[in-house]
Structure formats: C-alpha cells, structure tokens
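Since we're looking at a predicted model, the values are computed, not measured.
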Protein chains: 2
Amino acid sequence: MGYYERHPKFLVAVDCIIFGVQDGSLKLLLIQRNFQPEMGRWSIMGGFTREGESVDDAARRVLVDLTGLDNVFIEQVKAYGRVDREPYDRVVSVAYYALMNVKDYDVSLGEKHNAHWVDIHELPELIFDHGEMIGDALRKIRQEASARPVAFNLLPPEFTLTQLQKVLEAIYDGKYDKRNFRKKVALLPYVEPTGRVDKSESKRGAALFRFNEKKFEKEREHKIF
Amino acid sequence: MGYYERHPKFLVAVDCIIFGVQDGSLKLLLIQRNFQPEMGRWSIMGGFTREGESVDDAARRVLVDLTGLDNVFIEQVKAYGRVDREPYDRVVSVAYYALMNVKDYDVSLGEKHNAHWVDIHELPELIFDHGEMIGDALRKIRQEASARPVAFNLLPPEFTLTQLQKVLEAIYDGKYDKRNFRKKVALLPYVEPTGRVDKSESKRGAALFRFNEKKFEKEREHKIF
DNA sequence: TCAAAAGTGTTAAGTTTACACCCATGA
DNA sequence: TCATGGGTGTAAACTTAACACTTTTGA
C-alpha cells in the first residue's frame, strides 16, 4: 500500500465504435449528442470507467446502455492518451469496436440517445479524436477479419452465402467473384449448411448456413503448425 | 469545465516490452526489480504517466531511462484495465513494444536497473499480467512484421542478408530457405546494397544492405490499389 | 588446404483469378 | 412467361516451396 502515492490520476473513458451492415454497406452507430459537453455534435458512444469496474466491462456497459444487447462482440482497438485530446479535462480513452447485427438493435433505446446508423463513406465531422479512432478500428477489423471469422458477428445466426459475401464486401469495400467466393467458403468446415432455406430475398430460395464456433476452434488447435 | 466531476480517476501506467535479437534468437529486456513494490521479482520496465505528458511520451521516457536511447521504435500494444491487475492500487496500464538493436544498448544504465536480455523461450515468472502483455506484444509484432518492415529496427543500419534472415527467423520462430529468402528480398526496392562488405562473420565477406525508408514510403503510396 | 559462410536457378505444387450460363420459383 | 437472385466448373496466371552445389578466403 502507498507505493504509488506521488503519481497523478486520470479519468479513463471508453468509446465504442459499433459496426453493422445494412443495404450491403458498412455502417456505424453514431450519436448526435443530446447532452453536454459538445451537445449537438456527432460522436461515438462513450462513458467513463467506474470504480471497481474493469475497462472492458465499462465498454460492455456502454454498449448495453445504447443497444440493449449484452452479448455483442467487442474487441479493444487501443488507448488514446494525448494530453489535449479533450478540452475539458485530461481523459485517457480506450476505444473498442463492436460488431452487431443491425436487426437486433433496439430502436427505442437508440432514439433515446439520438443514435443513427451512418454509412462509413458518409461520416460527419466528429468530436475530439473520434475520427482517428474510427480509422484505427476499421484497419483493425480488416486485419482481424482476414485472420479469424469475426464477420459472422455482423450477421444473423443463419445467413445465406450472398449475405456473407455482401458483409465481406462491405468490410473490405470491394467486390468478389461469386463462384470463387463460394469455392473458398466451401473449404471452411465451420461454415455449415443448416438444411433450411431463406425465401425472403429470392423466389427460388437460398440455402441457409451457420457459423459453427466449436468446429472453428478445432481447426485452430490443429493449425498451430 | 466541470462536466466530468463525478467520475473516478485512476493511475495510468506504461509498460515497455523491449525486443532485441542476439545469437539468432529473440530476447526481451527484463528487469529483476531492485525497488518496491515486488522487489526481487521479474517484470518488464514501466512507469506512470505524468501530468501534462501524453501516454506515448511516458513510454518514450521510460525507454530513455532504461536504455539511454531516444530514437527507439515503439508501438502501442493495448491497454490493460482489469480491476485487480495490481494489488496495491487500481492501475490502468498501456503496454508498448519497442524494437532495438542490442548493440546500441547502454550496459551501465541497464545495470543500474538490474536489466537483463532474456531469451523469449526462457522467460521467468513475471509480476501482475506482464506475461500476458508479452504474449500480446509478440502476436502484434508478428502481425506487423508481415505487413510493414519493422524488423529492420532490430538490426544495425547496415546488415547482411544472413543477419536479416536470422532476425525474421527469430521473430517467427521458424527457418526459411536461404535461396527463397534472398529471392524475395531482391524484389524489395527498399532493401538496397550499400556496396560495402562485412568481414566480421565470414572470411569471404558478405554484402551489406540498408533499409531505405523513403523508397518504402514511395512503394506504399502507389500500393493503395 | 580446408573449414565456414556467401552466393546462386530450376521445377513442381498449390493458390488465385477470370470468366458465362442454367436453375427454380412467385408474381 | 419472365424477371430475379441462386447456383455451378475449368483453364491460365501467378505464387510458393523444395532442393544442392560452387565460390571465396583467412587461418
């Protein structure tokens, strides 16, 4: 006790960059602030870490507040520690990105916070260093999505191959060849057909698939070499 | 002013995971603590962020303290915010990795801090979550080193191709084919021969190369597509 | 003269890309 | 019956991986 007394303390914020896919493009859940400070301006959703609460838990709490969902996929982006990054007080902020299925989103909670899904190509001017955070989060997601199957978090539990392709195209802001894409997916044992058919997007109907996390973990174990 | 008054404040530490390559294997500069708390135990080098100092600057300061070098390559790993990660007080810590050429290291400063280069395969038990930090830093370096030329920071300004290969083998804990390796390097315009020869490691002598940062940046610009 | 590190090409295997048509169905 | 999205294979280009011998020179 008492070893650290002479050192200063700082506010520790969390900021959540919430991604979703809608109409084939990548969106962010941003708020047009209906509270001080910076009321009226656009920002990502944030909050302060509480006494007795881990920083990760603070991020999850902020997310539950805004979306009503407590099982959203989140991952830390990094910490932002510039001295003047907020003009009101010294705040060290830890950014997280979250991936969610837009369909799960609680519209009434969103309205309370004045939250809106904004296309990644049409971002408004944001407060503080929130623009930088979004750029870093995007880079990180792109990195991650090529190494592990995070994209599934943006989809409902059962999805068609066309939906999966559109999500990846939204993440990488590109277009892929349908046949090549399906050939690759066919090689992934952890993307498995459910046997069910989705008729909502075409007359013919498309096969539904699901992500099998257990099979994925098995894969990983054996891929150490 | 005053918007954030009701929120708690925390100590913000920085921890530096310092990598070097020696005898063809990857080493970390660890300290066997000669101060409290946790005197006598092994840890990575750290410190606390000061009033009016950015978190990045705090990391650089800690690094200068330990190595005497103010131009070491550093990059943030991530923030660690578990409630009980340190038993003495609530501390949020931001980890950084640093890459340096072991030859530049100031031995007398190191001795003052009781610092030692420890092989990555023979790590001692470390305090707090420092072991986790090292694992995360290693993963991050491996990721980065395959996307951008960070490995050069572990070498002297002029190096032989054998030295470069050994550094990459140390990072990825693997072995590469000499001919394939050299073919790949030959395609990188930003690894250029200096025309000089190193005779210290062989009788015949090996051509010396250097990393040309400007050429690398040019490459990048044109590689946006 | 010989030990020790430097240097050098070719071929096979695997991966990635480009490309166009038929299918099933509800409106 | 026809418009709409679903579904399927093959060949060329490119990339990666495997492999062994000759050169130089100081001790």
Original post:
Tell me, for nucleotides 21-27 of chain C in 5' to 3' order, what letter each nucleotide earns: B for a base near a protein heavy atom under 4.0 Å, S for only sugar-phosphate near one, - for neither?
Top reply: --BBBB-
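- With rounding to whole Å, F159(B) atom CZ is found 16 Å from dA6(C) atom C1'.
- With sequence neighbours excluded, the residues forming a side chain to side chain contact (heavy atoms under 4.5 Å, CB included) with R82(B) are R85(B), D129(B), E132(B), listed by chain and number.
- Dashed line: the shortest gap from a side-chain N or O of R182(B) to OP1 or OP2 of dG7(C) is under 4.0 Å.
- Distance Q165(B) CD to dG7(C) C1': 12 Å, rounded to the nearest Å.
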Original post:
In the 5'-to-3' direction, what one-character label does each nucleotide of nucleotides 10-15 of chain C receive under the scheme B = base within less than 4.0 Å of a protein heavy atom, S = sugar-phosphate only, - = no such atom?
Top reply: B-----
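- Every pair passing salt bridge (charged side-chain N to carboxylate O under 4.0 Å, His left out) that includes a residue from residues 160-169 of chain B is listed here, sequence neighbours excluded: E169(B)-K175(B).
- R139(A) pairs by the side chain to side chain donor-acceptor pair (under 3.5 Å) definition with D136(A), not counting sequence neighbours.
- DNA chain C is contacted by both A206(B) and D177(A); A206(B) maps to the nucleotide lying nearer its 5′ end (nearest heavy atom per residue).
- Among residues two or more places apart in sequence or in another chain, the side chain to side chain donor-acceptor pair (under 3.5 Å) test is passed with D173(A) by H121(A).
- Checked against side chain to side chain contact (heavy atoms under 4.5 Å, CB included), K215(B) has the following partners two or more places apart in sequence or in another chain: Y190(B), E192(B), N212(B).
- For H116(A) and W42(A), the ring centers are positioned less than 6.0 Å apart.
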Donor-acceptor pairs under 3.5 angstrom involving side-chain atoms of residues 150-162 of chain B: please list them, not counting sequence neighbours.
from, atom 1, to, atom 2, distance (Å)
N153(B), ND2, V150(B), O, 2.9
E158(B), OE1, R196(B), NE, 2.9
T160(B), OG1, Q163(B), N, 3.1
T162(B), OG1, R182(B), NH2, 3.2

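- Using a 4.0 Å heavy-atom criterion, one finds that T162(A) contacts the sugar-phosphate atoms exclusively.
- Electrostatic pairing of K214(B) and E217(B) does not count as a salt bridge here, judged by no charged N lying under 4.0 Å from a carboxylate O.
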Give the table of side-chain donor-acceptor pairs shorter than 3.5 Å for residues 25-34 of chain A, with sequence neighbours excluded, one pair per line with atom names and distance.
from, atom 1, to, atom 2, distance (Å)
S25(A), OG, D119(A), OD2, 2.8
Q32(A), NE2, G40(A), O, 3.4
R33(A), NE, P37(A), O, 2.9
R33(A), NH1, S43(A), OG, 3.2
R33(A), NH2, P37(A), O, 2.9
N34(A), ND2, K112(A), O, 3.0

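- Screening residues 140-150 of chain A for side-chain hydrogen bond (donor to acceptor under 3.5 Å, both in side chains) gives no qualifying pairs among residues at least two apart or on separate chains.
- Nucleotides of DNA chain D with any atom under 4.0 Å from a heavy atom of chain B span, from 5' to 3', dA17(D) to dG26(D).
- Residue pairs that meet the side-chain hydrogen bond (donor to acceptor under 3.5 Å, both in side chains) test with at least one member in residues 91-103 of chain B, sequence neighbours left out, are D15(B)-S93(B), D56(B)-Y96(B).
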